[in-house]
Amino acid sequence: MLVVGALVILLIIMSLVFQSLRIDERTSAPSPDRLLAMTILLESAPSGERISILAAIRNHEISARVVEQASAPDLPQLWPSGSAELADYQRALEGRAISAFRLEGQPLFNGGFGNQRRATEIRVALTTGEVLIVTTSSILATGVAGVPVGYLIAILGLLVALGVLIFLHREFRPLAQLAQAVELIDPDNDTIMLPKIRARSQELRLLVSAFDRLKTRIDTLVEARFALLGGIQHDVRSFATRLRFRIEGIADETERAKAEADIADLILLLDDALLVGRSGVHKLDQELVVFAELVTSEVAERVDDGAHIALNVNPGSEAVQVLCDRLALRRILTNLVDNALSYGKSANLKLGSDADQVFLYVDDDGPGIPASKRKLLLEPFTRMEQSRARHTGGAGLGLAIVRQLVEAHGGKLAISDAPIRGARLMISLPRFKP
Amino acid sequence: MKRAHPSILVVDDDPEIRQLVCDFLAREGMSVGSAADAQEMDAHLESTTFDLVVLDLMMPGEDGLSICRRLRSPNGPAILMLTAKSDEVDRIVGLEMGADDYLVKPFAPRELLARIRAILRRVSDTASTPATRRFAFDRYVIDLDARQITDQKGQGIALTSGEFDLLTCFVTQPRRVLSRDQILDRLRGRGVEPFDRSVDMLVSRLRRKLDLAGADQSLISTVRNSGYLLVTPVARLP
């Protein structure tokens with residue numbers, strides 16, 4: 001629509017410009033200098049050369065002839081007496097009598113569509129007593145009702161442009177539908193298929209079917225990844241079961257305890273990888289959980305083990321529910337609390353909510369996290385200490401896992417400073433609304 | 001019916017695990033049999049009476065879930081499920097299935113022993129009456145075995161078999177979003193055509209019946225792009 005409007009406006013402007021530039025009769029008449037030159041030449045030349053001079057003057061726009069005398073024709077005056085043009089010519093011709101007339105235009109073709117002559121006749125009284133008649137005619141290409149052909153072409157162009165626009169609009173509509181459908185494609189939801197898009201052109205049909213296939217391929221990839229995760233989990237757990245029975249044969253008790261811990265770590269790592277993998281393909285569970293209850297029980301368990309953790313639940317947030325994967329949420333809490341306890345001596349948890357979200361602040365009393373490192377810490381395998389030793393902390397996956405799991409739940413993880421000292425990690429999760 | 005030497009049947013397709021578990025249980029003074037699949041298990045059960053079956057969930061052929069449903073009877077053996085997939089715990093816990101307990105692999109041998117002993121103790125205490133499958137939610141009581149649902153006045157609510165099966169899905173996995181696929185999976189072959197829309201229609205019919213019967217708000221909530229969930233908690237009745 002905008003384009004159509006712009007085109008119409010452009011056409012109006014162009015016709016206005018055309019109107020103002022319109023070639024009128026004045027420009028088709030010879031200039032005063034030229035007329036003077038003709039006059040002097042013809043006056044001074046021997047009569048035998050006049051034919052040649054007249055022939056030299058003539059072209060498709062101008063022709064001149066010399067007559068003995070001429071009566072005033074019954075034609076409209078070109079210039080009104082006293083006009084500036086007339087004065088110019090009179091001055092240039094040094095007092096010779098001059099008169100100019102407008103000739104009627106004659107269509108070249110009958111029917112009005114074609115070229116039209118716009119002609120003038122200028123008469124100059126020569127000093128020899130004869131009269132020089134200069135006829136000029138400019139040929140303007142014009143169409144119906146005297147409208148110039150260029151103007152018609154512009155309108156034709158506009159119509160073609162409008163037609164093309166309408167055509168393109170119809171052709172592009174399937175593209176817009178396709179874009180909309182592609183927006184909705186999400187591994188979370190395999191029930192969305194591309195809608196049946198009716199495209200006329202071959203190219204668009206190809207594009208739509210290519211997207212259809214792409215969607216199917218993505219679905220297959222996600223399924224394959226999920227199946228792979230399941231297969232790995234099954235086999236690793238089976239091997240670990242055998243191993244767990246075999247180490248019963250180890251006589252040295254401390255060695256056996258170490259082997260048990262190794263197997264437990266192995267399974268923990270597997271679980272983390274699976275959780276992250278599942279969250280990546282949106283295969284997490286969705287269970288309705290009272291957030292504060294889960295946090296409270298998790299904290300109580302840790303406090304029983306001797307950890308210094310304080311938990312404050314804001315009034316009004318006790319019953320707020322979230323849709324989450326229970327396992328994933330526990331992993332989030334464990335990682336955040338572990339982090340706080342490994343960088344500080346105690347963890348201070350605050351739980352709150354607003355109309356849309358629940359928040360959990362986990363503050364520690366450690367050295368804090370400089371603003372420049374905050375972003376980097378959310379990436380996998382980065383840790384505050386540069387040493388990679390397992391005993392001073394995990395593999396550096398903790399916060400990356402927290403971030404991925406929180407984001408998979410539609411929430412956010414943010415790092416800032418705790419009010420007094422130390423670091424504050426905040427997670428927010430959307431609260432459930434039936 | 002507690003015996004000095006309880007008899008245990010170990011059903012697992014992994015020969016190593018089967019061997020290791022059997023050896024361990026035998027050392028602990030139990031009489032042990034082992035089977036690699038459902039057929040071998042059936043052969044054992046025909047000839048011998050076992051107190052408890054240790055049953056792996058994922059096996060080729062008939063899987064543990066289906067075996068579990070089949071074995072569930074007043075005089076049948078107790079069942080301890082094993083699974084190598086932590087995310088399948090939900091399916092086992094899905095209370096209608098009838099396993100007495102479950103363990104996620106890998107487990108410590110002592111843990112296995114403790115669970116087995118606990119189950120056997122429980123079974124002998126309740127003198128072989130299996131737990132009823134009655135649940136209370138909102139103002140309703142549903143009995144999965146009698147297949148009936150009553151409101152707080154004891155008034156029965158007439159549900160079609162498809163609606164009852166759907167409600168069973170929700171009650172056994174309360175407060176958990178069930179996708180249309182999951183629901184279809186559970187209802188397959190029970191008069192529900194495999195179309196997404198058929199689940200939607202079934203849910204809306206069930207909603208209408210429960211709401212007509214006086215539920216405060218819609219008990220079944222729709223989660224956009226995911227599925228449906230039963231919002232209210234469910235309690236198991238004795």
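Chain letters run A, B, ... following the sequence lines, proteins first and then strands; every chain starts at 1.
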Contact origin within A/Val289 toward chain B - heavy atom pairs under 4.5 Å: backbone

Nearest heavy atoms of A/Ser238 and B/Asp14, plus distance in Å: CB-OD2, 4.0 Å

Portion of A/Glu248 that has a non-hydrogen atom of chain B nearer than 4.5 angstrom: side chain

Value rounded to 0.5 Å, distance of CZ in A/Arg244 from CD1 in B/Ile17: 13.5 Å

Close side-chain approach of A/Gln286 to B/Leu229, heavy-atom, < 4.5 Å: no

Heavy-atom proximity to chain B below 4.5 Å, by part of A/Asp271: side chain

Contacting region of A/Ile263 [heavy-atom separation from chain B under 4.5 Å]: side chain

Region of B/Phe24 that comes under 4.5 Å of a non-hydrogen atom in chain A: side chain

Shortest non-hydrogen contact from A/Arg237 toward B/Lys105: NH1-O, 2.5 Å

Region of A/Phe239 in contact with chain B, defined by heavy-atom distances below 4.5 Å: neither

Segment of B/Val223 engaging chain A (4.5 angstrom heavy-atom cut-off): side chain

Contact origin within A/Leu243 toward chain B - heavy atom pairs under 4.5 Å: neither

More than 12 heavy atoms of other groups within 6.0 Å of B/Gln39 CD: no

B/Arg175 and A/Glu287 ion-paired at < 4.0 Å: no

Nearest heavy-atom neighbours spanning B/Leu112 and A/Phe245: CD2-CZ, 4.2 Å

Shortest non-hydrogen contact from A/Gln233 toward B/Ala84: CG-O, 3.2 Å

Closest heavy-atom pair and its distance - B/Glu16, A/Arg242: CB-NE, 3.4 Å

Gap between atom CG of A/Leu288 and atom CZ of B/Arg176 - 0.5 Å precision: 10.5 Å

